[in-house]
Number of protein chains: 2
Amino acid sequence: MNSAFDDLSMNEEEENSNERMARRFHIDEEGPVAYKSKNLVAERKRRQKLSDRLLELRSLVPIITNMNKATIIIDAIRYVGELQKCVGDLSNQLLQMEAASVEEPKMQIDAINAAEEMKKWGIEPEVKVTQIDGYKLWIKLVYEKKRGGFTRLMETMSVLGYEFTDTSVTTSKGAFVITACLEGINGGMLEAEQIRELLLEITRSM
Amino acid sequence: MNSAFDDLSMNEEEENSNERMARRFHIDEEGPVAYKSKNLVAERKRRQKLSDRLLELRSLVPIITNMNKATIIIDAIRYVGELQKCVGDLSNQLLQMEAASVEEPKMQIDAINAAEEMKKWGIEPEVKVTQIDGYKLWIKLVYEKKRGGFTRLMETMSVLGYEFTDTSVTTSKGAFVITACLEGINGGMLEAEQIRELLLEITRSM
DNA sequence: GTTGACACGTGAGGC
DNA sequence: TGCCTCACGTGTCAA
C-alpha cells in the first residue's frame with residue numbers, strides 16, 4: 001500500500017480511517033479534543049480538492065514517472081509542451097501538404113513578379129502579433145501577394161480555433177497587407193509568440 | 001459536529017505506539033522561539049519547489065481564470081483536453097488530406113464540397129452593391145469558397161481602379177462572406193449596377 | 001540515523 | 001463581519 005497517497009485515494013469514505021489524524025493529538029486532556037480554529041474543516045476540504053485536481057490532471061498525462069505531487073506537475077508540463085509542439089508540427093505539415101497539392105507553374109510567375117515589385121518599392125515582409133487579452137489578438141501581416149494566400153491563412157487559423165474579426169485587407173505594390181483581430185473560439189490556445197511564428201511560417205511557405 | 005477523532009485514539013493499541021510516545025516525549029511545553037524540527041528547511045524547499053512547478057505550469061496555459069492553485073490545475077486540465085482534441089482533429093485532417101491527395105482533381109473536390117455544404121446549410125450566393133457617394137461603394141458578397149478567390153477578386157477590382165477599405169472576410173460552412181468598402185482611386189468610373197454584374201461574373205467564373 | 005514526501009492544524013491577510 | 005487562500009512548522013511513515 002502506498003501510504004503516501006492514502007488520503008488522496010480515499011473517496012467518499014469516512015475519513016476516520018486515517019489513523020494518523022487521530023494519533024497526533026495530545027490526549028493529556030480528557031474529553032474530546034477542542035480545536036482552536038473554525039477554519040479546520042474548510043482547510044481540510046481545500047486540501048482534498050487540490051489533491052483531487054492533481055490526480056485528475058495526472059490521469060490526463062500518459063507518461064508518469066512518479067506519484068509525487070511535484071513530479072505530477074513536471075510530467076504535465078512536459079506533456080503540454082509536447083502537445084503544443086505536436087500541434088505546431090501537424091498544422092505545418094498540413095499546410096505544406098496543402099501548398100504542395102495546389103502548386104501550379106503559372107502562379108510562380110505571379111509570385112516572382114510580386115517579389116520583384118516588393119523589392120523595388122522597398123517593402124519588407126512583416127508579421128506583428130499583439131495580445132489584446134486572454135483570447136484576443138491583433139495581427140498585422142505584410143507579405144508577397146500570392147493566389148490563395150489569404151484563404152490559406154484563414155483556413156489555418158480557423159483550424160487552430162481562431163476567428164477573424166475586424167479584418168482589413170489591401171494589396172499594393174505586389175504586397176498583401178492585412179490587419180485583423182484574431183479571436184480564440186474556445187479560449188485561445190496559443191501564445192502570441194507561437195502565433196507569430198506560425199504566421200511567419202505560413203507566409204514563408206507560400 | 002461529529003468529530004472524526006472522538007474515539008479513535010483508543011481503538012488501536014499496538015505496542016509500537018510506545019515508541020511513538022517515546023519519540024514525542026521530549027516535546028514538552030515549547031520554549032519561546034526554538035524550532036523543534038530539523039527538516040524545517042527541507043520542507044520549506046519542497047513547498048517552494050512545488051509552487052514553482054505550479055507557476056511554471058500556469059505559464060504554459062494561455063487562458064487563466066484565477067491565480068489559485070486549484071484553478072491553475074483546473075485550467076491546465078482543460079487546456080490539456082483542448083490540446084488533445086486539437087491534435088486528434090489535426091491528425092485526422094492530415095490523414096484525410098493524404099487520402100485525398102492521391103486523386104488529381106483535388107481542387108474540384110474542394111469546390112464541390114464547398115458547394116454541397118452551402119446547399120446543405122441553405123446558403124445562397126449573394127451580390128449586393130450600394131453606392132455611398134460618387135466614388136465610394138459598399139458591397140456584400142456571399143459565394144462558394146475557392147482557393148484564390150479572394151485574391152482574384154481584389155486583383156480585378158484593383159485593375160479597375162478600386163481599392164478595398166474596411167474589409168471584413170469570413171469563411172463559414174463552405175461559403176465566403178465578404179463585406180467591404182470600394183473606393184475609386186481616380187474617381188470611380190463605373191456605376192453600381194455595372195460593378196454588381198462584374199462581381200457576379202467574377203464569383204461565377206471561379 | 002537520515003532523507004523525502006505527505007497531511008495536518010493554525011494564523012495571517014485579502015476580499 | 002466571515003469566507004477563502006496561502007505559507008508555515010510539525011509529526012509520521014517509508015526507503
Side-chain angles (χ1 to χ4, degrees), chain A residues 1-29 31-58 64-76, chain B residues 1-6 8-58 64-76:
Chain A
M1 220 25 138
N2 190 352
S3 78
F5 266 64
D6 48 358
D7 300 277
L8 289 181
S9 54
M10 180 175 56
N11 43 0
E12 61 260 10
E13 193 75 14
E14 58 171 2
E15 61 249 284
N16 56 8
S17 69
N18 195 338
E19 10 186 318
R20 293 212 306 261
M21 204 172 358
R23 220 182 293 255
R24 56 184 299 111
F25 291 102
H26 300 81
I27 334 171
D28 47 2
E29 311 169 16
V33 186
Y35 292 111
K36 305 175 182 177
S37 176
K38 307 172 214 170
N39 197 21
L40 199 152
V41 284
E43 179 66 14
R44 227 179 279 176
K45 257 172 102 174
R46 173 184 162 269
R47 272 196 302 259
Q48 189 192 347
K49 183 164 70 181
L50 211 146
S51 294
D52 286 349
R53 296 285 140 76
L54 218 59
L55 272 196
E56 195 178 343
L57 176 64
R58 194 192 67 89
I64 304 156
T65 60
N66 208 344
M67 273 292 229
N68 293 343
K69 280 178 164 182
T71 40
I72 285 177
I73 303 184
I74 286 185
D75 291 341
Chain B
M1 271 303 186
N2 54 348
S3 173
F5 339 92
D6 25 21
L8 250 158
S9 51
M10 292 307 183
N11 64 353
E12 287 235 358
E13 71 285 3
E14 76 278 6
E15 60 276 11
N16 57 4
S17 75
N18 295 339
E19 66 182 47
R20 286 204 196 95
M21 288 297 263
R23 180 178 288 229
R24 200 169 18 171
F25 182 60
H26 67 284
I27 304 171
D28 208 351
E29 289 296 328
E30 76 280 358
V33 195
Y35 291 127
K36 309 162 189 173
S37 181
K38 301 175 204 169
N39 74 333
L40 197 154
V41 285
E43 177 66 12
R44 230 178 279 181
K45 259 172 97 175
R46 172 184 163 269
R47 272 196 301 259
Q48 190 193 346
K49 185 163 69 180
L50 211 144
S51 292
D52 288 349
R53 297 284 141 78
L54 219 58
L55 227 25
E56 193 178 343
L57 176 64
R58 193 189 70 89
I64 304 156
T65 60
N66 208 344
M67 272 292 227
N68 293 341
K69 283 180 167 179
T71 40
I72 286 177
I73 304 184
I74 285 186
D75 291 341

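Both backbone and side-chain heavy atoms feed into the values below; hydrogens, waters and symmetry mates do not. Lettering of chains follows the sequences in order, A, B, ..., and the numbering in each one begins at 1.
- OP1 or OP2 of C/dA7 has at least one side-chain nitrogen or oxygen of A/Lys69 nearer than 4.0 Å.
- Regarding B/Leu54, its CG atom lies at a distance of 12 Å from the C1' atom of D/dC6, rounded to whole Å.
- In this structure, the CZ atom of A/Arg46 is 7 Å from the P atom of D/dT5, given to the nearest Å.
- The base of C/dC8 has none of its N or O atoms less than 3.5 Å from a complementary donor or acceptor on the side chain of A/Glu43.
- Counting heavy atoms from C-beta outward, B/Lys69 and A/Arg53 have side chains that stay 4.5 Å or more apart.
- In this structure, A/Arg47 places its CZ atom 10 Å from C1' of C/dC6, rounding to the nearest Å.
- Dashed line: the shortest gap from a side-chain N or O of A/Arg44 to OP1 or OP2 of C/dG9 is under 4.0 Å.
- In this structure, NZ of B/Lys45 is placed 11 Å from P of C/dA5, rounded to the nearest angstrom.
- Considering only the side chain of A/Ser51, C/dA7 comes nearest among C/dT10, D/dC6, C/dA7.
- Using a 4.5 Å cut-off on side-chain heavy atoms (C-beta onward), A/Ile73 and A/Leu54 make contact.
- Summarising the geometry, the separation between CG on A/Leu55 and P on C/dA7 is reported as 9 Å, rounded to the nearest angstrom.
- Between B/Leu40 atom CG and D/dC8 atom P there is a gap of 9 Å when expressed in whole angstrom units.
- Between the C1' atom of C/dA5 and the NZ atom of B/Lys49 lies a distance of 10 Å, rounded to the nearest Å.
- A heavy-atom distance below 4.5 Å is not found between the side chains of A/Lys49 and A/Lys45.
- Here the CD1-OG1 distance, from B/Ile72 to B/Thr65, works out to 9.0 Å after rounding to the nearest 0.5 Å.
- Computed from coordinates, the B/Leu50 CG to C/dG4 P distance equals 15 Å when rounded to whole Å.
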